[in-house]
Amino acid sequence: GVHSRRSPIVRRKICVSIVICAVMADARTTLAKVMAPPATPKKMALSSSAFKDAEPIPADYTCAGKNISPPLAWKGVPENAQSLALIVDDPDAPTGVWTHWIVFNMPVDALNLTEAFTNSPSAASTKQGRNDFKQIGYAGPCPPAGKSHRYYFKIFALDTNLNLPAGASRTDVDAAMIKHVLSTGQLMGTYQRK
């Protein structure tokens, strides 16, 4: 009767719906491939002649000593990098992550920062941000007595120069680096005040 004549139409509609759904699912898969995040960037190697990774930072580089920056060296800068940045912070601080040093717009052919780094005229493009001690430049580890803290020295290779002034905040530097990081490397040192 009437029912049997409609069945093929109903079947065709279901079939068309399945095809459309399959095409849409395929389009989503293709889009996901296009939108997939890039492969993890190759790591850079960051080291110091003053201490090894996960070892204590000598007192000279802390508030108990000369409070100068340690010597740092790196390798593995990507060929397409435009500038380098360095951030040093302490995730174990009582108030949350505490920033000790921010350096940015370092030239890509720089392979190190000397001990007791200060901006030299030859590195005119290099700028330093404001740390959480409200100072521009380096301020060494200075944790409460009795507890060992970890200090992360992190180098970033960027595909741009940051359009920020000297004295920029950590928040501003982090925001400016988003989507521009080509490669990173890190060195961790520990320090405990007596």
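Note: hydrogens, waters and symmetry copies are ignored here, and every other heavy atom, side chains too, is used. In this text, all values refer to a predicted model and were calculated from it rather than measured experimentally.
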Query - Straight-line distance of Lys52 NZ to Ser47 OG, nearest 0.5 Å - result: 9.5 Å

Report task. Would you give the length of the straight line joining atom CD of Gln82 to atom NE2 of His180, rounded to the nearest 0.5 angstrom? Result -> 11.5 Å

Nearest heavy-atom pair of [X] and [Y]: which atoms, and what distance?
X      : Y      : result
Asn105 : Leu162 : OD1-N, 2.7 Å
Trp74  : Met106 : CH2-SD, 4.1 Å
Phe104 : Gly129 : CE2-N, 4.0 Å
His149 : Pro94  : CE1-CD, 4.2 Å
Pro107 : Thr126 : CD-OG1, 3.4 Å
Pro78  : Met44  : CD-SD, 4.5 Å

Check: [X] side chain, [Y] main-chain N or O, donor-acceptor pair, under 3.5 Å:
X      : Y      : answer
Lys127 : Leu164 : yes
Arg193 : Pro143 : yes
Ser48  : Pro71  : yes

Query raised in the report: Would Arg150 and Asp90 count as a side chain to side chain contact (heavy atoms under 4.5 Å, CB included) if you check the C-alpha gap in whole Å, the side-chain angles of each, and the deciding distance to 0.1 Å?
Result: CA-CA 6 Å; Arg150 297 166 298 161; Asp90 167 13; 5.6 Å; no

I'd like to know if [Y] and [X] are part of one continuous hydrophobic network [Ile/Leu/Val/Met/Phe/Trp/Tyr, side-chain heavy atoms within less than 4.5 Å].
X      : Y     : value
Val103 : Leu46 : yes
Leu111 : Leu84 : no
Leu187 : Val77 : yes

Query raised in the report: Residues two or more places apart in sequence or in another chain: which of them pass side-chain hydrogen bond (donor to acceptor under 3.5 Å, both in side chains) with Asp60?
Result: none

Heavy atoms, side chains only, cut-off 4.5 Å: are [X] and [Y] in contact?
X      : Y      : result
Gln186 : Ile155 : no
Ile87  : Asp174 : yes
Phe51  : Pro58  : yes
Glu115 : Ile68  : yes
Met177 : Phe156 : yes
Leu113 : Leu86  : yes
Pro141 : Ile57  : yes

Query - Neighbour count above 12 (heavy atom, 6.0 Å) for Asn163 CG - result: no

Query raised in the report: Take atom NZ in Lys147; do more than 12 heavy atoms of anything else shown fall under 6.0 Å from it?
Result: yes

Query raised in the report: Going by distance alone, is a donor N or O of one side chain under 3.5 Å from an acceptor N or O of the other, for Gln128 and Tyr138?
Result: no

Report task. Could you tell me whether the side chains of Thr99 and Arg170 share a donor-acceptor contact shorter than 3.5 Å? Result -> yes

Query - Residues Lys154, Asp89: salt bridge by 4.0 Å N-O rule - result: yes

Query raised in the report: Would you call the rings of Phe117 and Trp101 parallel, tilted or perpendicular, where under 30° means parallel and over 60° means perpendicular?
Result: tilted

Report task. Determine, stepwise, if the pair Thr114 / Leu72 fulfils side chain to side chain contact (heavy atoms under 4.5 Å, CB included). Result -> CA-CA 7 Å; Thr114 56; Leu72 297 169; over 6 Å; no

Query - Residue that, paired with Asn80, satisfies side-chain contact (heavy atoms from CB on, under 4.5 Å) out of Val108, Asp159, Leu182 - result: Leu182

Query - Positive for ring pair (Phe, Tyr, Trp, His ring centres under 6.0 Å) with His100, one of Tyr151, Tyr61, Phe153 - result: Tyr151

